[in-house]
Colleague: 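One structure coming up, written as structure tokens, with questions to follow.
Computed over heavy atoms, backbone and side chain alike; hydrogens, waters and symmetry mates excluded. A note on names: the letters A, B, ... follow the listed sequences, proteins ahead of strands, and every chain is numbered from 1.
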Protein chains: 2
Amino acid sequence: MPGTETTRPLSSSIGDYLKAIWALAGTGSASTTEVSGHLSVAPASVTNMLGRLQEMGLVRYERYRGASLTGRGREEALRLVRRHRLIESFLLGHLGYSWQEVHDEAERLEHAVSDEFTERLAELLGHPAHDPHGDPIPAADGTLEPDDSLPLGEAGVGGRVRISKVSDESIPVLDYLGERGLVPGRLLIIREVRHLDGVVTVEDEGGETHALGGPLTRAVFVREEAAG
Amino acid sequence: MPGTETTRPLSSSIGDYLKAIWALAGTGSASTTEVSGHLSVAPASVTNMLGRLQEMGLVRYERYRGASLTGRGREEALRLVRRHRLIESFLLGHLGYSWQEVHDEAERLEHAVSDEFTERLAELLGHPAHDPHGDPIPAADGTLEPDDSLPLGEAGVGGRVRISKVSDESIPVLDYLGERGLVPGRLLIIREVRHLDGVVTVEDEGGETHALGGPLTRAVFVREEAAG
DNA sequence: GATTATTATTAGCTAAACCTAAATTTATGT
DNA sequence: ACATAAATTTAGGTTTAGCTAATAATAATC
Ligand SMILES: [Mn+2]
Ligand SMILES: [Mn+2]
Ligand SMILES: [Mn+2]
Ligand SMILES: [Mn+2]
């Protein structure tokens, strides 16, 4: 009976590696050090795991050349991303978590919930399109809306832009942005882009100005707003 | 700096062993084979783990003599039981799971949620006292309501009893009982207790009679009802 | 193009949880 | 009390997922 090999569920470590490659490289390929940094795991351990993922058909890997996701690898990564973002939405909307707290809890829960749980949760939430940070939630069939937003640092001066999402990597960054209301949906006018030090100065709807350095302008993503 | 040893979270395996000992023996002691059977793990593996749990101060263990929980062990077991039962309540009440499905999902999630999550969930649910199977939910401080209910098999004939809880161990059993409305809260009159084969015949509120064999009478727990 | 620096791999270990098979201890039956 | 049966432990593996230190390959610099 070919095709009957019981495919036991992938471990949470494996899932986190696939998500890391997806986050770092999307459809391209990620290097050992990049993955190592993203997961806080020693480079040697990454080398070892990439070999295993290749065996399992989840990744294409060439020594010294990095790894990229196969179809199955990408599928699994997106399944986890869907779970992660739905869980974040639930924690914020139903359990009263703050914007900054949701990520860590979701990072663990994404590996423990079943597909059943995930879809029932999506139902309860009304099938949201975006998570609290503004990241699009992959559909149950693995489809993901293409993202055309760009980092604030790369936006042109003078333009009116709307915050589309905020990186959920750093808690201090989320704290800072949250306090100032620099959250998805907010409308901004770009007053100055200083190439010397990368500082971008923006004005928000309330007339407040904010001068944001590199790490912040890389964490805030925007879309150009039709003139209004 | 004594007392500063970073106490990293206990693994889910460890948690399941502690819960098993608690479920099998409560404050008494459980044997290697009992634990082995409950967890579907080889006896040799149990011996090994009991040694480790002893080292960790979670269990009192004497070779060939079984293991009992220490204060810390019991505390951890009850923390997990609290999570488990709150999660079951959530799955049934908010996600539309059936009575039979909740257990397996909770068995995994109990290890992944934080204390924060647990307490916020308790809040959302309105601090329920019992889970869907009728099991009491331990309080956040580790207190647990004493249980004075007894298996249907041990109830006296002629009495009016109310179902207080139903064992959540076997899905077929839950299926059977659920279909017939033999759920916590249901009032029954015991019509016959046949000691020959352990079959108990009961009549429910709707006048239906049910003849239940050993495995079922051991799964249904009741309390005597004040005359009405 | 040779040298140096960076990146990645290999080699060798560890710990957690499991397993099977063999030995040993405890309990039971006559 | 002794033999047998049942329960338990010991001995010796395995797999997963990590680590450090040493080595090798690739990339960058002079
Ligand atoms: Mn994760
Ligand atoms: Mn997010
Ligand atoms: Mn469990
Ligand atoms: Mn239950």
Colleague: Of the nucleotides dC18(C), dT9(D), dA17(D), which one has an atom closest to the side chain of Y17(B)?
Modeller: dC18(C)

Colleague: dT15(D) P sits how many Å from L10(A) CG, rounded?
Modeller: 18 Å

Colleague: Students often get this wrong, so: under 4.0 angstrom with heavy atoms, is V41(A) touching a base, only sugar-phosphate, or nothing?
Modeller: sugar-phosphate

Colleague: Is there side-chain contact between I14(B) and M56(B), with heavy atoms separated by less than 4.5 Å?
Modeller: yes

Colleague: Within less than 4.0 Å of OP1 or OP2 of dT7(C), is there a side-chain N or O belonging to S31(A)?
Modeller: no

Colleague: Using the salt bridge (Lys or Arg N to Asp or Glu O under 4.0 Å) criterion, which residues pair with R74(A)? Sequence neighbours excluded.
Modeller: none

Colleague: Give the B/S/- string for nucleotides 10-15 of chain C, one per nucleotide from 5' to 3', where a protein heavy atom under 4.0 Å of the base yields B, of only the sugar-phosphate yields S, and otherwise -.
Modeller: B-----

Colleague: Calculate the interatomic distance between H111(A) atom NE2 and dA17(D) atom P; express it in whole Å.
Modeller: 11 Å

Colleague: Indicate whether OP1 or OP2 belonging to dT9(C) is found under 4.0 Å from a side-chain N or O atom of T32(A).
Modeller: yes

Colleague: For S13(B) and dA16(C), is the shortest distance between a side-chain N/O and OP1 or OP2 below 4.0 Å?
Modeller: no

Colleague: Atom CZ of R8(A) to atom P of dT15(D): distance rounded to whole Å?
Modeller: 11 Å

Colleague: Would you please name every residue forming a salt bridge (Lys or Arg N to Asp or Glu O under 4.0 Å) with E116(B), sequence neighbours left out?
Modeller: R120(B)

Colleague: Between dT16(D) atom P and L53(A) atom CG, what is the distance in whole Å?
Modeller: 12 Å

Colleague: Of the candidate nucleotides dC18(C), dT16(D), dA17(C), which contains the atom at the shortest distance from the side chain of R52(A)?
Modeller: dT16(D)

Colleague: Taking CG from L50(A) and P from dT9(C), how many angstroms apart are they, rounded to a whole number?
Modeller: 7 Å

Colleague: Rounded to the nearest angstrom, tell me the gap between atom CE in M49(A) and atom C1' in dT16(D).
Modeller: 8 Å

Colleague: Whole angstroms only, please: what is the CZ-C1' distance between R65(A) and dT7(C)?
Modeller: 12 Å

Colleague: Closer than 4.0 angstrom, basic N to acidic O: yes or no for R218(A) and E169(A)?
Modeller: no

Colleague: Check the orientation of F117(A) and F90(B). Use parallel for under 30°, tilted for 30 to 60°, and perpendicular for over 60°.
Modeller: tilted

Colleague: Can you tell me how far C1' of dT16(D) sits from CG of D16(A), to the nearest Å?
Modeller: 14 Å

Colleague: So if I take every side-chain heavy atom of Y64(A) and compare against dT26(D), dC19(C), dT9(D), which nucleotide ends up nearest?
Modeller: dT26(D)

Colleague: Does D141(A) pair with R82(A) as a salt bridge, N-O distance under 4.0 Å?
Modeller: no

Colleague: Do the side chains of R79(A) and E76(A) get close enough for a salt bridge, i.e. N-O under 4.0 angstrom?
Modeller: yes

